[in-house]
There are 2 protein chains.
Amino acid sequence: MTTRLSDVAARAGVSVKTVSNVINDYPHITSQTRAKVEAAIAALDYRPNVSARSLRKGRSDFIALAIPEMASPYFAELGAAISRAAKKRGITVLIDQTEGESAAEKLVLDGMRGQLIDGIIFSPITTAPTKIDSAGTAKPLLLLGERPAAGTFDHVAVDSVKASFDATTHLISIGRRRIAAIGVGGGAGTGAVRRKGYRKALKAAGLPHDPALELAGTGYHRPDGAASMRELLALPEPPDAVFCFNDLLALGALRTLADAGLSVPDDVAVVGFDDIEDGRFHSPSLTTISPDKEWLAENAVDLLLERISGNAEAARRDLSVPYTLEIRESTAG
Amino acid sequence: MTTRLSDVAARAGVSVKTVSNVINDYPHITSQTRAKVEAAIAALDYRPNVSARSLRKGRSDFIALAIPEMASPYFAELGAAISRAAKKRGITVLIDQTEGESAAEKLVLDGMRGQLIDGIIFSPITTAPTKIDSAGTAKPLLLLGERPAAGTFDHVAVDSVKASFDATTHLISIGRRRIAAIGVGGGAGTGAVRRKGYRKALKAAGLPHDPALELAGTGYHRPDGAASMRELLALPEPPDAVFCFNDLLALGALRTLADAGLSVPDDVAVVGFDDIEDGRFHSPSLTTISPDKEWLAENAVDLLLERISGNAEAARRDLSVPYTLEIRESTAG
């Protein structure tokens with residue numbers, strides 16, 4: 001028979017609330033009361049390492065979100081949306097910035113080392129997909145971002161090949177023929193799948209792809225976009241359009257174009273990916289792929305909570321996030 | 001005598017590591033081993049609700065950072081810096097987005113409801129300073145942001161009055177005489193203290209302050225700055241300079257100025273506060289107050305860790321974050 005909170009309360013001669021307060025380390029409890037409750041807990045073999053609240057419901061109502069970097073506006077906006085979606089359901093989200101370090105990602109896969117969380121939403125960068133799929137996590141886990149089609153865990157992401165195809169096709173539709181791509185070296189497969197969509201669009205339009213126009217850069221931040229754009233402008237035959245694999249790269253590229261005195265979109269049209277607020281307020285405002293972050297957040301949280309409650313289907317699920325192409329001044333003038 | 005992990009291991013006939021794994025809920029433990037360890041824990045009255053790791057060291061090596069909104073680049077950059085500073089010291093930071101809601105802020109003051117964290121860095125918005133100071137938190141707590149000079153908890157913040165004085169004085173020094181302020185209604189005292197510095201600078205220069213030029217707005221985001229700037233441009237006598245109380249407001253104001261065909265800084269000079277990356281890459285780049293976020297992060301984490309380890313001085317400390325005025329294109333042309 002499982003010992004219940006009320007058994008502890010009865011034995012200690014205090015209320016259930018007081019027992020809960022002791023276990024949750026709440027303030028304003030006398031040492032005498034604390035001692036009584038702790039003696040009852042010991043005598044009744046009350047299950048250790050779980051808060052009273054968790055024990056009552058078998059849950060803590062905390063989940064973790066592990067993201068590579070919170071200073072990247074895309075992840076910051078996504079984290080805010082997931083936090084809001086969870087709060088609507090009575091859940092608090094704790095966010096862990098892994099910086100894509102393998103030790104930090106391992107901590108996540110290990111279930112956050114005994115933290116009292118019910119489950120984890122994880123956007124991995126460094127850890128190989130095979131290693132993730134074989135991880136025997138102690139807690140329900142949901143993956144975000146580019147993944148191979150098959151896998152062990154539930155997965156929510158934008159179809160990046162299709163979205164990149166659409167972004168590139170938009171540049172072709174406004175008459176551009178020499179279209180560069182910035183960010184082909186991006187981590188966690190992002191660079192590879194977005195390049196795939198980019199090349200597919202060029203091919204569909206009968207345009208050749210020029211390796212000189214595909215820049216890896218060293219990261220996915222504004223300075224990387226600015227540097228890659230400088231490289232492109234130094235080419236004997238610079239591009240007339242650039243598809244940047246995220247908005248930060250695009251904003252960096254726009255700064256380089258402004259410094260060079262070039263007009264956007266007349267001289268060079270620019271498309272980004274993510275639809276961060278920054279791009280909407282920029283002059284020129286940034287045309288971009290806009291994933292529905294609210295949809296992503298709501299569905300990721302729902303899926304994880306179903307898994308936590310044991311109400312999910314046994315088979316893993318793979319959800320594709322709706323997106324739109326937001327056409328703004330950087331391609332529409 | 002305190003029961004130690006090794007006592008539990010000896011009684012259960014397993015290694016210390018195995019006991020730790022059981023308590024931390026690691027996978028790949030047979031139910032037989034788990035039962036043996038749990039029996040030993042019960043028999044020895046091993047302290048509940050603390051992970052083995054915590055017990056061994058009296059610490060979990062997790063701290064929480066509670067901020068109003070992670071999608072605000074200032075808080076995102078600050079969170080990233082605090083996370084990095086903690087990681088250097090072997091500590092993992094879990095970030096909680098309160099959205100300034102009183103229930104969420106109360107959860108923070110209550111010590112995050114039994115989560116296995118050693119301490120909390122808290123940037124409050126809604127909860128009144130007196131309520132914070134009287135909170136009997138179960139865990140060491142450090143406060144960020146504008147606070148009254150006296151208080152119960154350690155505190156790290158920029159001297160906002162002085163910084164706002166400097167920002168306004170810079171606008172006066174480049175010949176501006178009709179200087180507006182956007183954000184005077186900001187939460188947690190931010191609006192009030194920054195307005196104080198702004199007015200002080202006007203007074204020191206012998207300039208009158210015009211209430212029509214002090215806009216509260218409805219928030220501290222780009223759309224608020226854009227709307228406030230539209231109001232200012234609709235005045236019979238619009239300003240020749242604007243001091244925005246954060247960079248997001250300034251970036252919104254810049255967008256409105258661009259839409260109105262006005263030149264920055266020739267027609268209107270703009271200064272922000274925070275030095276987020278966005279402002280550095282914007283065209284024109286944004287003059288701003290730049291708090292040393294790395295310094296803030298390192299010192300906040302050190303102070304909290306000293307408090308957690310019991311090595312801090314008894315008296316609360318109040319650290320002032322160094323800052324610089326970064327002069328860029330939005331005032332220097």
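In the text below, chain A, chain B and the rest are named by the order of the sequence lines, each starting its count at 1.
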> Which heavy atom of A:Leu94 sits nearest to which heavy atom of B:Asp96, and what is that distance?
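Minimum heavy-atom contact is CD2-CB, 4.0 Å.
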> Do you know the tightest heavy-atom contact between A:Ile67 and B:Met70?
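Minimum heavy-atom separation between A:Ile67 and B:Met70: CD1-CE, 4.1 Å.
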> So which residue, B:Ala39, B:Pro223, B:Gly79, ends up with the most heavy-atom pairs under 4.5 Å with chain A?
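Heavy-atom pair counts peak at B:Pro223.
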> Would you mind checking which part of B:Ser285 comes under 4.5 Å of any heavy atom in chain A, side chain (CB onward), backbone (N, CA, C, O), both or neither?
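Interface part for B:Ser285: both.
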> Return the option, out of B:Ala80, B:Ala81, B:Ala104, B:Ala103, with the maximum number of heavy-atom pairs under 4.5 Å with chain A.
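Ranked by contacts with chain A, first place is B:Ala80.
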> Using a 4.5 angstrom heavy-atom cutoff, name the option from A:Glu69, A:Arg222, A:Glu77 with the most pairs to chain B.
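Most heavy-atom pairs under 4.5 Å with chain B: A:Arg222.
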> Among B:Gln97, B:His282, B:Arg280, B:His221, single out the residue with the greatest number of heavy-atom pairs under 4.5 Å to chain A.
B:Gln97
> Rounded to the nearest 0.5 Å, how far apart are CD1 of A:Ile276 and CG of B:Asp278?
7.5 Å
> Taking the side chain as every heavy atom from C-beta outward, state whether B:Lys87 and A:Glu101 have any pair of such atoms under 4.5 Å apart.
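With C-beta onward as the side chain, the pair touches.
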> Could you please state which residues from residues 250-259 of chain B sit under 4.5 angstrom from chain A, measuring non-hydrogen atom to non-hydrogen atom, sorted by number, or 'none'?
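Residues of residues 250-259 of chain B touching chain A at under 4.5 Å: B:Gly252, B:Arg255, B:Ala258.
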